[in-house]
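Everything below concerns the one structure shown next.
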Amino acid sequence: MANNFHYILLTLLLFTVTVTVSSKSMDDVKPSIPLVSFLERLQQTAFNTFNNHSDFDPKTYVDLPLKFPLSVTDHAFQNLPKSSTGSVSVHDLNRFIQTYFEGAGDDLVYFDPEDFVPVPKDFLPKVKNPEVRAWAIKVHSLWRNLSRKVSSEVKTHPEFHTLLPVIDSVVIPGSRFREVYYWDSYWVIRGLLASKMYKTAKGIVNNLISFIEEYGFVLNGARAYYTNRSQPPLLSAMIYEIYHRTGDVELVKRSLPALLKEHEFWNSDIHKVTVSDAQGCTHTLNRYYARWNKPRPESSIMDKASASKFTSVSEKQQFYRELASAAESGWDFSTRWMRHPPNFTTLSTTSVIPVDLNAFILGMELNIAFFANVTGDHSIAKHFQQISDVRKEAINSVFWNANMKQWLDSWLSNNTHEVHNWDTLHQNQNVFASNFVPLWMKPFYSDASLVGNVLKSLKTSGLLRAAGIATSLSDSGQQWDFPNGWAPLQHMLVEGLVKSGLEEARSLAEEIAIRWITTNYIVYKKTDVMHEKFDVEHCGEFGGGGEYVPQTGFGWSNGVVLAFLEEFGWPEDRKIEC
């Protein structure tokens, strides 16, 4: 404890900083649309009517497509017979929904990708074990199950749908996630590339680019209620991987203007935090910040219940923004965003400067520099190489903890436009898998000395468990905490270790991959489906917790299994068992 105190004191003496946050951010809210507002009212009514049903999912109701214009549907809704308490009977509500709505998800139709073949040529050549190979082919076949096209009805009557029309086919995560999602798509694409489905992968990228062209950023997902926030910015990484496999220069040329616009979005006032040190050197870093201060439409029931402890409108609005901003992070929800964990009402996402977000933006800047060189835009390449160097320095200055040998999120005291001294900016010293995400980026995995230190830290962190890497060490009941492990986190850390080129790092990476592949396989054999998340404390168990029941399908889990099998293979004589 004394050593920690001296380290903190020394840091205070050596690194005094101020933080500036724009005042514009405080009232930045994206307006809703009438259809979403109406469907939220329907959702509340359905909850009141069906509240004894344990499988009630509020997202279902905001995904329902209309059969008739909203004015006609709303009029019929208002005329539903009501009891003295204002409730609607199960019979009347069911009949109303069947009369006036299509089914949730009916506005996406199954699509058979033309680049899918049952067993692609040179598929996973390192997988020699026949049992594992047969399973890998089944996982590959799931791309057909998860492929969709937006129905013509969405394009004919967009006002009847919360689903947003996209130009190409999509691969959905699965289950309640009926639409394309932003950061899920990176690991879906990694799996598609292993499956040689290059056209499908490019189609997903085209859809995401179309969001930037229309909204100025990639949406969280393809729904009208997701237009107030993004998700971890991995579009440039998707394009880089596709280019690496295909050499498609036209894709790079088409993508570059959109990536420049996305970079501008993430460096806009609401996402930007400027850190100024005692020598007058400034570091610009970024945070998650949703343009929303109301309940999330897809989870309105839960959000209102969570906010009920707050008495003032402004407190509720701020809490709703923190909820939506946590959803923008992809980590919805985790003690990582709570000032006083595990108290959910202390969620303060916008007060966190996240390690992983800034690593992702560093990757974006490096990729833009690379793409600009490919297209001959050398001035853009030079500029983005320079700002990536600046960001690397900022990540080292603000996030790196020399005692723990990890990069730690930093807290802001509040989100006003006032300037703060360093003692209101402090590192979150709890262990999360995100503390190791910078290792996924070349400036860090290419530093052998640094990798050696981070490797030792990861081994002793407590995150390495029987079935993979835990998300955190806090068993809070939230899904982005212990004991859950998630495919993206396994992949980023494993790939960073592999790319370092160090033999010890690759050995640990392969050990993690074997554990992860094994637990995916055993759960698949038990349930006949791929799962969204896994309990890494117990091999062969899927994960739980959070605000919805465990989901199956599942896009990024499939993608990471295929990517790991492509990288490491599976020897014929290695058993696959817990």
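Computed from a predicted model, the values in this text were never measured in an experiment.
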- Message: For the aromatic rings, using the six-membered ring if either is Trp, is the centroid distance between Tyr181 and Tyr226 under 6.0 Å?
- Response: yes

- Message: Please confirm whether the ring centroid of Phe116 lies under 6.0 Å from the ring centroid of Phe111.
- Response: no

- Query: Considering the options Trp486, Trp516, Trp556, Phe542, which one meets the ring-ring contact (aromatic ring centres under 6.0 Å, His included) requirement together with Phe534?
  - Reply: Trp516

Are side-chain heavy atoms of [X] and [Y] found at a separation under 4.5 Å?
X	Y	value
Trp187	Met492	yes
Thr200	Trp143	no
Ser351	Trp411	yes
Trp570	Leu124	no
Tyr524	Lys138	yes
Pro118	Ile137	no
Ile512	Leu508	yes
Asn48	Gln44	yes

Indicate yes or no for a side-chain donor-acceptor contact from [X] to the backbone of [Y] under 3.5 Å, with no hydrogens or angles considered.
X	Y	answer
Arg148	Asn145	yes
Ser557	Gly553	no
Asn484	Gly544	yes
Lys128	Pro125	yes
Thr518	Ile514	yes
His140	Val119	no
Asn286	Leu357	no
Lys533	Pro550	no
Thr519	Gly540	yes
Gln478	Asp332	no

- Message: Determine whether Asp63 and Tyr225 satisfy the following criterion, side chain to side chain donor-acceptor pair (under 3.5 Å), listing intermediate values before the conclusion.
- Response: CA-CA 10 Å; Asp63 290 355; Tyr225 51 76; 2.5 Å; yes

- Message: My understanding is that only residues two or more places apart in sequence, or in another chain, count here; which of them pass side-chain contact (heavy atoms from CB on, under 4.5 Å) with Asn430?
- Response: Asn428, Phe432

- Task: Please step through side chain to side chain donor-acceptor pair (under 3.5 Å) for the pair Gln318 and Glu322, ending with a clear verdict.
- Result: CA-CA 6 Å; Gln318 185 58 43; Glu322 303 300 347; 2.5 Å; yes

Got a sec, which residues hit ring pair (Phe, Tyr, Trp, His ring centres under 6.0 Å) with [X], two or more places apart in sequence or on another chain?
X	result
Tyr320	none
Tyr445	none
Tyr182	none
Phe444	Trp407

- Would you mind listing every disulfide (SG to SG under 2.5 Å) that reaches into residues 436-469, with sequence neighbours excluded? none

- Within residues 450-543 or reaching into it, pairs that qualify as disulfide (SG to SG under 2.5 Å) - sequence neighbours excluded: Cys539-Cys578

- Residue from Leu146, Leu142, Asp184 passing side-chain contact (heavy atoms from CB on, under 4.5 Å) with Phe554: Asp184

- So among Leu489, Val431, Leu493, which one has a side-chain contact (heavy atoms from CB on, under 4.5 Å) with Leu463? Val431

- Query: Looking at Trp331, is Arg336 sitting on its ring face, NZ or CZ under 6.0 Å from the six-membered ring centre and within 45 degrees of the normal?
  - Reply: yes

- Please assess Asp481 against Ser474 for the test side chain to side chain donor-acceptor pair (under 3.5 Å), listing each intermediate value before the final yes or no. CA-CA 6 Å; Asp481 272 319; Ser474 175; 4.7 Å; no

- Item | Whether Phe319 and Phe310 hold their rings parallel, tilted or perpendicular, with breakpoints at 30° and 60° | tilted

- Should the pair Tyr288 and Trp266 be assigned to parallel (<30°), tilted (30 to 60°) or perpendicular (>60°) ring geometry? perpendicular

Might you point out which heavy atoms bring [X] and [Y] nearest each other, and give the distance in Å?
X	Y	value
Val127	Val132	CG1-CG1, 3.9 Å
Glu328	Ala290	OE1-N, 3.9 Å
Ala509	Val498	CB-CG2, 3.7 Å
Asp115	Tyr198	OD2-N, 3.5 Å
Pro483	Asp475	CD-OD1, 4.0 Å
Trp400	Ala402	NE1-CA, 3.7 Å

- Message: With a 4.0 Å cut-off on N to O distance, would you call Arg245 and Glu566 a salt bridge?
- Response: yes

Going by salt bridge (Lys or Arg N to Asp or Glu O under 4.0 Å), name the residues that satisfy it together with [X], two or more places apart in sequence or in a different chain.
X	answer
Glu504	Lys459
Glu179	Lys59, Arg223
Arg190	Glu241, Glu495

- Task: Sorted by first residue and then second, give each side chain to side chain donor-acceptor pair (under 3.5 Å) pair with at least one member in residues 537-552; sequence neighbours left out.
- Result: Ser175-Thr552, Arg296-Glu547, Ser299-Glu547, Arg465-Glu537, Gln479-Tyr548, Lys526-Glu541, Glu532-Tyr548, Asp535-His538

- Task: Return yes when atom NZ of Lys525 has more than 12 non-hydrogen atoms of other residues, nucleotides or ligands closer than 6.0 Å, and no otherwise.
- Result: no

- Message: Quick check on Arg144: does its CZ atom have over 12 non-hydrogen neighbours (other residues, nucleotides or ligands) under 6.0 Å away?
- Response: no

- List for me each residue that meets side-chain hydrogen bond (donor to acceptor under 3.5 Å, both in side chains) alongside Asp447, sequence neighbours excluded, and say none if there are none. none

- Query: How many angstroms lie between atom OG of Ser306 and atom NZ of Lys316, to the nearest 0.5 angstrom?
  - Reply: 10.5 Å

